[in-house]
Amino acid sequence: MRANLLILGGTTEATAFANAAAEKGLTGTVSFAGRVDRPKRQPLPQRIGGFGGVSGLIEYLHAQKITHVIDATHPFAAQMSRNAVAACAQADVPLLALTRAPWSAQPGDDWTHVPNIASAVAALDQPAKRVMLAVGRMHLAEFAPNPQHFYLLRLVDPPKDPPPFPGHHVLVSRGPFTQDDDRALMQDHRIDLVVSKNAGGTGAYAKIAAARSLGLPVVMIDRPAVPERQEAHSVAEVMDWLRHSGVDLGV
Ligand code: 3Y8
Ligand code: NAP
């Protein structure tokens, strides 16, 4: 069978799978929401922008004759994952999530688990600290109620609006990051608390390892629930899934 893949992207794993698929001569499209100015170049054609909810995604699947969907979005992109489950079920298109296990605390880690962003904000209701807030741009406004802290913000693009707190430093940088760089960053800015999503994977882990090496506490935001779906945790598993569904992957 000739495949025509839709890869819901935006993660290190999505890029890795897109590279492997291109090497095998598979046809497919990598899809981005359009959250950042210049998404990373992909080895397959890419599309940018929402589909228009579940119905828009169903229309896209039919119009583009998509044979398989690989949802390789970030664990916090829960709405996209929900839509993919619903659309693929209704359009009867096979769906596999390429995801990564949550990080778990290692010896030396000092984590406070919170269930969501709002609880992370509540956890910052404490005397002034110097906080590395490395959760991106989209939820910055929710952290406004704690202006007593200094915030080190790491964003993919320069902020269009000033961050909602008086004390802050913006670092425009996209990952993947390294532990040594993140450790130096925390020392340079005299950071004494880190706030992080439990993204899993390798691209955002540098700050977690750096915090451990400096003995810094981390407020760790658990990932949102996503619906039941078949999951893979490696590119090889996705290739096996495609092969078992009749896609000719050559040697
Ligand atoms: C647009 C597409 C690759 C993909 C790389 C991964 C690793 C580097 C680390 C920190 C944490 C954060 C953020 C982060 C990382 C990878 C991966 C990952 C975290 C790009 C990308 C897109 C986005 C969207 C962006 C969000 C933001 C989140 C920055 C590409 C670079 C904080 C998540 O300004 C904005 O609107 C940014 C929005 C969603 C979360 C937020 O709430 O702001 N990612 N990130 C995707 C699209 O349009 O569909 O250019 O590559 C991808 C990557 N970002 O191929 O190497 O796999 O996780 N992304 C978090 O983990 O908290 C940074 O600073 O330590
Ligand atoms: P989300 O909240 O789950 O999705 C909101 C809406 O954005 C979706 O309903 C869909 O719009 C659109 N969308 C999301 N991902 C898309 C994609 N890959 N292609 C096309 N449309 C997409 O998503 P999010 O958390 O904003 O994440 C957006 C993108 O950033 C994803 O590619 C994700 O992998 C990447 N990312 C997110 C995070 C994070 O922390 N959230 C971290 C790293 C990377 P329609 O309903 O109109 O189809």
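These numbers come from a predicted model, not from an experiment. Counting convention: from 1, in listed order, for ligands and their atoms alike.
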Report the part of [X] (side chain from C-beta onward, or backbone N, CA, C, O) that has a heavy atom under 4.0 Å from ligand 1; answer both or neither where that applies.
X	result
Ala199	side chain
Met132	neither
Lys207	side chain
Phe177	side chain
Arg174	side chain
Thr12	both

Record the part of Val135 in heavy-atom contact with ligand 2 below 4.0 Å; permitted values are side chain, backbone, both and neither.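 It is neither; nothing of Val135 touches ligand 2.
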Using a 4.0 Å heavy-atom cut-off, which part of Arg35 comes near ligand 2: side chain, backbone, both, or neither?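 It is the side chain that touches ligand 2; the backbone stays farther off.
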Taking only heavy atoms of [X] into account, list the atoms of ligand 1 that are under 4.0 Å away from them.
X	value
Gly203	7 (C), 9 (C)
Gly136	32 (C), 41 (C), 43 (O)
Thr15	3 (C), 55 (O)
Thr11	3 (C), 4 (C), 55 (O), 57 (O)
His74	58 (O), 60 (C), 61 (O)
His139	42 (O)
Val156	29 (C)

Below 4.0 angstrom, counting only protein heavy atoms, does anything approach [atom]?
atom	result
atom 57 (O) of ligand 1	yes
atom 26 (C) of ligand 1	no
atom 64 (O) of ligand 1	yes

For atom CG of Asp37, decide whether the heavy atoms of other residues, nucleotides or ligands shown that lie under 6.0 angstrom number more than 12.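 Correct, the count exceeds 12.
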Work out whether the distance between some heavy atom of [X] and some atom of ligand 1 is less than 4.0 Å.
X	answer
Val36	yes
Leu155	no
Gly34	yes

Using a 3.5 Å cut-off on N or O atoms only, is [X] in polar contact with ligand 1?
X	value
Gln42	no
Asp157	no
Val135	yes

Between ligand 2 and [X], is the shortest N or O to N or O distance under 3.5 Å?
X	answer
Thr11	no
Ala72	no
Ser81	no
Leu8	no
Ala78	yes

For [atom], find the nearest protein heavy atom and state the residue, atom name and distance (0.1 Å precision).
atom	answer
atom 47 (C) of ligand 1	Ala33 N, 3.3 Å
atom 34 (O) of ligand 1	Arg137 NE, 3.0 Å
atom 53 (C) of ligand 1	Gly10 O, 3.8 Å

Mind checking whether Arg47 has a heavy atom under 4.0 Å from ligand 2?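 Arg47: in contact with ligand 2 (<4.0 Å).
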Run the contact test for Asn83 against ligand 2 with a 4.0 Å cut-off on heavy atoms, strictly below, and give the result.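 Right, Asn83 reaches ligand 2.
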Counting each atom of ligand 2 from 1 as listed, which ones have a heavy atom of Gly10 under 4.0 Å away?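 Near Gly10, meaning under 4.0 Å from one of its heavy atoms, ligand 2 has 32 (O), 34 (O), 35 (C), 36 (N), 43 (C), 44 (C).
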Shortest heavy-atom approach to atom 16 (C) of ligand 2 - which of Gln46, Met80, His139: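 Among Gln46, Met80, His139, the closest heavy atom to atom 16 (C) of ligand 2 comes from Met80.
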From the options Ala33, Ala77, Gly9, select the one whose nearest heavy atom is closest to atom 32 (O) of ligand 2.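 It is Gly9 that holds the nearest heavy atom.
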If the threshold is 4.0 Å, N to carboxylate O, is there a salt bridge linking Arg212 and Asp109?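 Looking at Asp109 together with Arg212, the answer is yes, because their closest N to O distance falls below 4.0 Å.
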Side-chain ion pair, Arg183 and Asp180, N-O less than 4.0 Å: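 Looking at Asp180 together with Arg183, the answer is no, because their closest N to O distance does not fall below 4.0 Å.
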Aromatic Tyr60 / basic Arg47 pairing, under 6.0 angstrom, 45° off normal: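 Flagged: Arg47 positioned over aromatic ring of Tyr60.
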